[in-house]
K.L.:
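Let me give you the structure first, and then I'll get to my questions.
In what follows, chains are A, B, ... by sequence order, proteins preceding strands, each numbered from 1.
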Protein chains: 4
Amino acid sequence: MSPKRSSGTRGPSGSRRRAELLAIAADLFARRGFQATTVRDIADAAGILSGSLYHHFDSKETMVDEILRDFLDSQRRAQERVLADSGDARDRIAGLVRQSFRTVHRHRAAVVILQNESNHLATSDRFAYLRAAAGDFERTWTRVLQEGQRAGVLRADLNVKLAYRFIRDAVWTSVHWYNPRGRLTLTAVAEQYVTILCDGIAVAETKR
Amino acid sequence: MSPKRSSGTRGPSGSRRRAELLAIAADLFARRGFQATTVRDIADAAGILSGSLYHHFDSKETMVDEILRDFLDSQRRAQERVLADSGDARDRIAGLVRQSFRTVHRHRAAVVILQNESNHLATSDRFAYLRAAAGDFERTWTRVLQEGQRAGVLRADLNVKLAYRFIRDAVWTSVHWYNPRGRLTLTAVAEQYVTILCDGIAVAETKR
Amino acid sequence: MSPKRSSGTRGPSGSRRRAELLAIAADLFARRGFQATTVRDIADAAGILSGSLYHHFDSKETMVDEILRDFLDSQRRAQERVLADSGDARDRIAGLVRQSFRTVHRHRAAVVILQNESNHLATSDRFAYLRAAAGDFERTWTRVLQEGQRAGVLRADLNVKLAYRFIRDAVWTSVHWYNPRGRLTLTAVAEQYVTILCDGIAVAETKR
Amino acid sequence: MSPKRSSGTRGPSGSRRRAELLAIAADLFARRGFQATTVRDIADAAGILSGSLYHHFDSKETMVDEILRDFLDSQRRAQERVLADSGDARDRIAGLVRQSFRTVHRHRAAVVILQNESNHLATSDRFAYLRAAAGDFERTWTRVLQEGQRAGVLRADLNVKLAYRFIRDAVWTSVHWYNPRGRLTLTAVAEQYVTILCDGIAVAETKR
DNA sequence: GATGAATGAGGATTCATTCAT
DNA sequence: AATGAATGAATCCTCATTCAT
């Protein structure tokens, strides 16, 4: 009958429509929330009837699913690329922060959805992979932070798990307020964050 | 019928029931999301019928409204108390962070709701005060940070608005993962955060 | 426990409260409709809690019931008084019209309720007497009209049943628009109606 | 989804379904009252589920709205047609009465609804046009009556506003009792009413 | 690839009524 | 004579989803 899981033979155009619809859905999910966004909202925004969406997707859940998987894959791949380049711990951490900013803002909608909805999405089996992915990211980061500590580049009194959360929360949450058309470039924000993170907001007296 | 606006010095029991119900609702809103929580969920958790909730509250919206106002008032008052105590900028900032941790975790549910739902709640007029409150907090923090900069206690190259967001996001988001029954005390987390924030995660070589 | 059907011993004050409450209810039923008026609306208007109304009345239905019976009794008695006075058919009819105006406007609320709600109230057994009363009035009127016809005072080509309805509808409906605080006295309206009714709106050429 | 505003030259079937549903609803509203008629009653009568009604209409209110507008438009157009034909005042008035009978009985349900519910419907902004339409009809009628008076065809002592109400109430209310399957044709009733109205119920002695 | 009619389950809310106090 | 908490049934409406065309 139709595409739905046209994984194999999806002609470029069929795939394009899907992607368009997903982008529209992602945007609405991010702005109004997953539950609050009705299938009809999405259809309206796409200029079709709500029933017609089911030609492309099995369900509303399938849409978020695809949106979130897309983002998580991107993020994973990007992180691997950063970690492939060697460098000292400080460089690696700075690199991860910069890369997070880029990926996170390239998938704004997905990140907002992840933050707002993952709590109750993740209660369903279908989205168990969300918790898994969160665990993966945490392990990657804490490993890097521990290496930094062992190498004497990071403070010994640092609780790495806590530091990871501190970083992740600060960076990811920026998606809620960063305006790409505003004064600050994303890179500028990333640099400030790297600075604050590494050296603190205080002037060093010679650090205590 | 009767309560609905428990104004004044209502007898402890009338007011108590309201407060109980609000606590139950807040918990559910935080865990499942506002939209995803049905009035029946709340009533079930309270051991009454869903219709009976309307003896106490006009609507589900009224409940979040009250929950959020409660928190914002607490937070405002707590902040004022901290700022009343003098001290150098570093102490004031550390004080604000510690206090934020305390208030934020005393109103865990409210903060989670605020983070997850304020985006779409704030689109309605009824919740316009959410944006206003956010503005107030930002102004308070940036004022304190600027004073610190002028006093030469904070780095001159700091973008205070950005620093504020960095701090707020890191501190407030902790509510999603901090477990009061876990190994770390809240105070320990707060201290780590103050340290990271003020002095960074890196070892000072003598700060650049 | 309480009054409710305090028919026998109702002390003047207990009875007064009942009457007050009925007047309040009648007014609301007339303005908003029986169904649309909630028990709480009535209680609010009376300055008590909705549950407290049940100290006085068994149910909302009991209230309309009493309101309508009151009016129908008044009307019946008034009509009998008019018909007791003799006079020619024209005087009797004019008398009935004048009296109808008086009674109908003295019980404005009841009449409005009767017109707006009797259709579906009368479907219930409890209100079967509404249909009966309507039949009584019709019989009274048509008898008087027929006498007039036999006496040669009313046109022979008159369908008396139709004429009755014409009159009743015109007179009773006035309750919807007549404003006692307006320019026209009720008597003036009644006289115009008697004139139109008896002699028509047209100038006689010598009536056809 | 789709219809909701069956604007334009919609295919006969889409429009037909809407019209069918409206007829069913009008009938129920007239018989049981607007409030007393549940959306389920309508759906049951139409043989669909209550939710399915919302495929065609936004709300129960939208249904009455459409029913009433339909009638008012018909009535307006019919009146204009009558007034386009010249004739003396008596003919014009007789014409208006006859036409009113026809239109009013062609839209029985709408007229009953109008009479029973317009009072409280008209309190909402959405139905402000009901008051406006009432004003228009009154103006049309009083104009015609005044012309008749000036032309010496109608009595000089007639209060035209009152006469209008007398006529309207008598004619419109007939909808409550006239039975199209009864002995009298609608035309016969109309003629009786025209006669009573113009020449009164009394035999002329030579009119006073 | 889309329409349009409908389903069916559920959701927030209302409301007459009860009853212990 | 009244309160205040609660019931339980019903109401309007929403929405993801289906399916014949």
Side-chain angles (χ1 to χ4, degrees), chain A residues 1-3 13-14 17 35-43 46-63, chain B residues 1-4 10-11 13-14 17-18 21 35-43 46-62, chain C residues 1-3 13-14 17 35-43 46-63, chain D residues 1-4 10-11 13-14 17-18 21 35-43 46-62:
Chain A
M1 250 207 180
S2 70
S13 86
R17 189 73 176 124
Q35 305 238 18
T37 302
T38 73
V39 168
R40 205 167 121 193
D41 289 339
I42 303 170
I48 59 178
L49 291 183
S50 64
S52 306
L53 271 179
Y54 289 80
H55 184 63
H56 301 279
F57 304 95
D58 289 332
S59 69
K60 201 171 107 172
E61 250 189 3
T62 304
M63 295 189 225
Chain B
M1 296 220 163
S2 78
K4 293 247 162 113
R10 160 168 311 292
S13 87
R17 190 69 176 124
R18 250 183 109 77
L21 295 171
Q35 305 239 15
T37 302
T38 73
V39 167
R40 260 251 296 283
D41 290 339
I42 302 170
I48 58 177
L49 289 183
S50 69
S52 305
L53 272 179
Y54 289 81
H55 181 60
H56 302 277
F57 306 97
D58 286 335
S59 68
K60 203 172 101 171
E61 246 190 6
T62 303
Chain C
M1 251 208 178
S2 71
S13 85
R17 190 70 176 126
Q35 304 238 16
T37 302
T38 72
V39 168
R40 203 168 123 192
D41 289 337
I42 303 170
I48 58 177
L49 289 186
S50 65
S52 306
L53 272 178
Y54 289 81
H55 184 62
H56 302 278
F57 304 97
D58 288 335
S59 70
K60 201 172 107 172
E61 249 188 3
T62 304
M63 296 189 224
Chain D
M1 295 216 161
S2 81
K4 293 246 163 115
R10 161 167 311 292
S13 85
R17 191 68 177 125
R18 252 183 106 77
L21 295 172
Q35 304 238 19
T37 302
T38 72
V39 168
R40 259 252 295 282
D41 290 338
I42 303 170
I48 57 177
L49 289 183
S50 68
S52 305
L53 274 178
Y54 290 81
H55 180 60
H56 302 278
F57 305 97
D58 286 334
S59 67
K60 205 172 98 171
E61 245 190 7
T62 303

K.L.:
Between dC13(F) atom C1' and H56(D) atom NE2, what is the distance in whole Å?
P.N.:
15 Å
K.L.:
Atom CZ of F57(C) to atom C1' of dA1(F): distance rounded to whole Å?
P.N.:
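Going from CZ in F57(C) over to C1' in dA1(F) covers 13 Å.
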K.L.:
Among dT14(E), dA5(F), dT7(E), which is the nearest nucleotide to the side chain of L49(D)?
P.N.:
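For L49(D), the side-chain atoms sit closest to dT7(E).
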K.L.:
Using every non-hydrogen atom in the two residues, find where K60(B) and T37(B) come nearest and quote the distance to one decimal.
P.N.:
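Closest approach of K60(B) to T37(B): NZ-O, 2.8 Å.
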K.L.:
Tell me the interatomic distance from L53(A), atom CG, to dT3(E), atom P, rounded to whole angstroms.
P.N.:
10 Å
K.L.:
Provide, to the nearest angstrom, the distance between the CD atom belonging to Q35(A) and the P atom belonging to dG11(E).
P.N.:
10 Å
K.L.:
On DNA chain E, does the nearest nucleotide to L21(D) precede the nearest nucleotide to K60(B) from the 5' side, or the other way round? Give the residue.
P.N.:
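Mapping each residue to its closest nucleotide by heavy atoms, the 5'-most match is L21(D).
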K.L.:
Counting side-chain heavy atoms from CB outward, which of dG4(F), dA6(E), dA6(F) is closest to S52(B)?
P.N.:
dA6(F)
K.L.:
Does a side-chain heavy-atom distance below 4.5 Å link H55(C) with I48(C)?
P.N.:
no
K.L.:
Nearest to the side chain of V39(B), heavy atoms from C-beta on, is which of dT3(F), dT13(E), dT7(F)?
P.N.:
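When the side chain of V39(B) is considered, dT13(E) is the closest of dT3(F), dT13(E), dT7(F).
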K.L.:
Return the set of residues passing side-chain contact (heavy atoms from CB on, under 4.5 Å) with S50(D) (not counting sequence neighbours), or none when no residue passes.
P.N.:
V39(D), R40(D), A43(D)
K.L.:
Quick one: stems for DNA chain E, with Watson-Crick or G-U pairs under 3.5 Å, at least three in a row?
P.N.:
E:2-21 with F:2-21
K.L.:
Identify, between T37(C) and G51(D), the residue whose nearest nucleotide on DNA chain E lies closer to the 5' end.
P.N.:
G51(D)
K.L.:
Could you tell me how far apart R40(A) (CZ) and dC13(F) (P) are, to the nearest whole angstrom?
P.N.:
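After rounding, the reported distance stands at 14 Å.
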K.L.:
Check the distance between dT11(F)'s P and D41(D)'s CG and give it to me in whole angstrom.
P.N.:
7 Å
K.L.:
Quick check on dG4(F): is either OP1 or OP2 less than 4.0 Å from any side-chain nitrogen or oxygen of R17(B)?
P.N.:
no
K.L.:
Once you apply a heavy-atom cut-off of 4.0 Å, does I48(B) come out as touching a base, just sugar-phosphate, or nothing?
P.N.:
sugar-phosphate
K.L.:
Taking only the side-chain nitrogens and oxygens of Y54(B), find out if one of them lies under 4.0 Å from OP1 or OP2 of dT14(E).
P.N.:
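No.
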K.L.:
Whole Å only: how far is the NE2 atom of H55(D) from the P atom of dT17(F)?
P.N.:
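Rounded to the whole Å, the gap is 18 Å.
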K.L.:
Which heavy atom of A36(D) sits nearest to which heavy atom of Q35(C), and what is that distance?
P.N.:
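The answer is CB-NE2, 3.0 Å.
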K.L.:
Measure CD/E61(C) against P/dT17(E) and give the value in whole Å, please.
P.N.:
8 Å
K.L.:
Looking across every strand, which nucleic acid part, if any, lies under 4.0 Å from T38(D) by heavy atom: base, sugar-phosphate, or nothing?
P.N.:
sugar-phosphate
K.L.:
So what does S59(D) touch, heavy atoms closer than 4.0 Å: a base, only the sugar-phosphate, or nothing?
P.N.:
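The answer is sugar-phosphate, as S59(D) gets under 4.0 Å only of primed atoms, P, OP1 or OP2.
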